[in-house]
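Reviewing the structure listed below.
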Amino acid sequence: MQTNGAGLIVRLLERQGITMIPGIPGGASLPLYDALHGSALHHVLARHEQGAGFIAQGMARATGTAAVCTGTSGPGATNLVTAIADAKLDSIPLVAITGQVPRAMIGTDAFQEIDTYGLTIPITKHNYLVSSARELLRVVPEAFRIATSDRPGPVVIDVPKDVQLEAITVDEWPEPGRAAPAAPCPADDARRAAALLEAARRPVLLVGAGVLAAGASDLVRELAEAGSIPIAATLLGLGAMPARHPLFLGMVGMHAARATNLILEECDLLVGLGVRFDDRATGKAAEFCPRARIIHVDVDASELGKIKTPTLGIHADVGEALRAFLADVTPRRRPTWSARVAALRAAHPLAMPGAGDVRRPYGIVRAVAALAGDDAIVTSDVGQHQMWVAQAFPFTRPRQWLTSGGLGTMGFGLPAAIGAALACRDRRVVCFTGDGSLLMNIQELATAVEEEARITVILLDNAHLGLVRQQQELFYGRRYHASRLAIARGFGMEACDLEATSDPHAALARAFATDGPCLVRVPIAAAENVYPMVRPGAPNREMIDEAALQAGEDGGCDAAQAM
Ligand SMILES: Cc1ncc(C[n+]2csc(CCOP(=O)(O)OP(=O)(O)O)c2C)c(N)n1
Ligand SMILES: [Mg+2]
């Protein structure tokens, strides 16, 4: 086949099974766009490259397969950087293809020249500056293999314009890049883990993003049920277990139910599965699970011992490890521990004030959950609204909940919802957003309308950068600064305002009956806070809630203590 570098990229992407490519064109990527013209690949015209990156992330997170985005050189590449960094921290398989100035001009400060390779080294799993069209035959499949193997992550392929234009004859096509086989669990480790589990009187499983990446949710459930072991999840592990499962304790950490953190405080064995002991989950790491031995399973060896020194660190695919544990573990009940867990849950449940009122945080989350059904995919932005959803939405399955955990990027929710909706046309996608976050990528409403994405945007409008306001209230002596804002809308999108209607339930139901994109504004009082809350850097047992504040127990700490 006679083609050029750009044609080669398109053909190699098609061979990878890629059907959509969000991006924005520019001078240095026009040969690629010329090759896209007439190809089977559907180009999704985002309105900002960060939007394109998050649309691709929405596709990847919803499906578990690698997705692609593209931008031109210079500002196109720098605009992609946040979405790439976000994919790195949350281990999302993303392949970003950027245009670069022609090879002969690299290093001359040419128009729209930026060192994309250098810029993306610390935020990618791997990156390439391609120096010939022929090299693409190796680089493109390899990029997919790396992005999807073991711990997934982003890969950047920077392609100079003249390489895109370089003529090439291809006689033999390379195999598409596929994920490497799952890393096995050493038999000795599995035996030691089973022995630790046998000996444990108060074990807890902690599931993270790695469980979802490994597709190991069912095995987690099997192990939990076999050993009567309660399960907690990190923010990104939500969905690995159905929220209604009796052994499921919900989210751990800064905004966990008090019971969940207290159960971890008491456990004598913590089995961390695909978790990285992030500070939002552990609180003060040295005091996380103070009475517990730790088994830590991760496919990325560098995670073992990074934050918490495990009693047993297992370098393996989580699914492989769980299979091996299950072969060695004898089913048993733990009546004393189960009773203690039940007592703690009964004594310290998650308080959800206003759960019956659709104009209050928990109320709108619950009402949307009821209307959306178990099939829906849920994305969120970053802020109080994200935490209210994480606490109160009854997630039932893996990949139902897409949120920016590690980087915590405001502006993630809307484009990620568009990507999920385009990748899963049969599902409704709900995006919970805040007034601050929505503004960060609001231009993508135009993309949603153009692509007829089946998304429902639920805007929790408290006229504030709420989570910032809450921290200023609790940790900075109520010195509110730069946390107040207000937004207006007008993108020609179906919209309804729950403040302006006498029957908000009916208005919400109408919004869910809309086929195309639709936005629902929910007025939220600025004073609504997310509780409980652990002060950044404090141990998880020190949870602040309204009762504690009234009793004057905490909240008075000064800023220097907050991390
Ligand atoms: C890109 C980016 N900038 C700043 C922050 C810091 N930050 C975290 S939450 C938040 C407020 C978010 O406000 P909003 O979207 O209205 O959500 P709310 O907390 O009010 O629900 C800010 C500014 C961030 N996470 N991401
Ligand atoms: Mg807000």
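Each ligand, and each atom within it, is numbered from 1 in the order the structure gives.
Crowding of Tyr117 atom OH: a count of heavy atoms from other residues, nucleotides or ligands under 6.0 Å not exceeding 12. Counting heavy-atom neighbours within 6.0 Å of Asp503 CG, excluding the residue itself, gives a total above 12.
Closest approach between the Mg ion (ligand 2) and any N/O/S atom of His464 involves O. Asp435 contributes OD1 as its N, O or S atom closest to the Mg ion (ligand 2).
If you look at His296 and Phe277, their ring centroids are closer than 6.0 Å. In this structure, the ring of His43 has its center less than 6.0 angstrom from the ring center of Tyr33.
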- Item | Residue pair Asp278, Arg276: steps toward the salt bridge (charged side-chain N to carboxylate O under 4.0 Å, His left out) verdict | CA-CA 6 Å; Asp278 165 66; Arg276 57 185 179 83; 3.8 Å; yes
- Message: If you apply the rule salt bridge (charged side-chain N to carboxylate O under 4.0 Å, His left out), what do you find for Glu452 with Arg425, and how did you get there?
- Response: CA-CA 10 Å; Glu452 296 175 21; Arg425 283 271 180 195; over 6 Å; no
- Might you work through the salt bridge (charged side-chain N to carboxylate O under 4.0 Å, His left out) test for Glu287 and Arg541, ending with a clear yes or no? CA-CA 9 Å; Glu287 294 179 40; Arg541 82 184 83 85; 2.8 Å; yes
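Counting only non-hydrogen atoms, the option in Val382, Asn462, Asp381, Leu407 that gets closest to atom 12 (C) of ligand 1 is Val382. Nearest residue to atom 17 (O) of ligand 1 from Gln50, His385, Met410 is His385 (criterion: closest heavy atom).
Looking only at side-chain heavy atoms (C-beta outward), Ile455 and Cys431 stay at 4.5 Å or farther from each other.
Between Tyr362 and Trp388, the two ring planes are perpendicular [angle over 60°; tilted spans 30° to 60°].
Ligand 1 has Asp435 within reach: a non-hydrogen atom of the residue lies less than 4.0 Å from it. Gly411 does not count as a contact of ligand 1, since none of its heavy atoms falls under 4.0 Å from the ligand.
The distance from ligand 1 to the heavy atoms of Leu467 drops below 4.0 Å at these ligand atoms: 9 (S), 19 (O). When each atom of ligand 1 is checked for a heavy atom of Ser437 under 4.0 Å away, the hits are 14 (P), 15 (O). Counting the atoms of ligand 1 from 1 in the order shown, those under 4.0 Å from a heavy atom of Gly466 are 13 (O), 18 (P), 19 (O), 20 (O). The atoms of ligand 1 that sit less than 4.0 Å from any heavy atom of Val468 are 10 (C), 22 (C), 23 (C). Near Gly436, the atoms of ligand 1 lying under 4.0 angstrom from a non-hydrogen atom of the residue are 14 (P), 15 (O), 16 (O).
The N/O atoms of Gln384, backbone and side chain alike, include one that comes under 3.5 Å of an N/O atom in ligand 1. Between Gly408 and ligand 1, at least one N/O pair is under 3.5 Å apart.
Residue-level proximity to ligand 1 for His464 is carried by the backbone, the only part with a heavy atom below 4.0 angstrom.
At a cut-off of 2.8 Å, Ser437 is not counted among the residues with an N, O or S atom near the Mg ion (ligand 2). For the Mg ion (ligand 2), the N/O/S atoms of Asp461 include none lying under 2.8 Å.
In this structure, a donor-acceptor pair under 3.5 Å is present between the side chains of Thr403 and Ser380.
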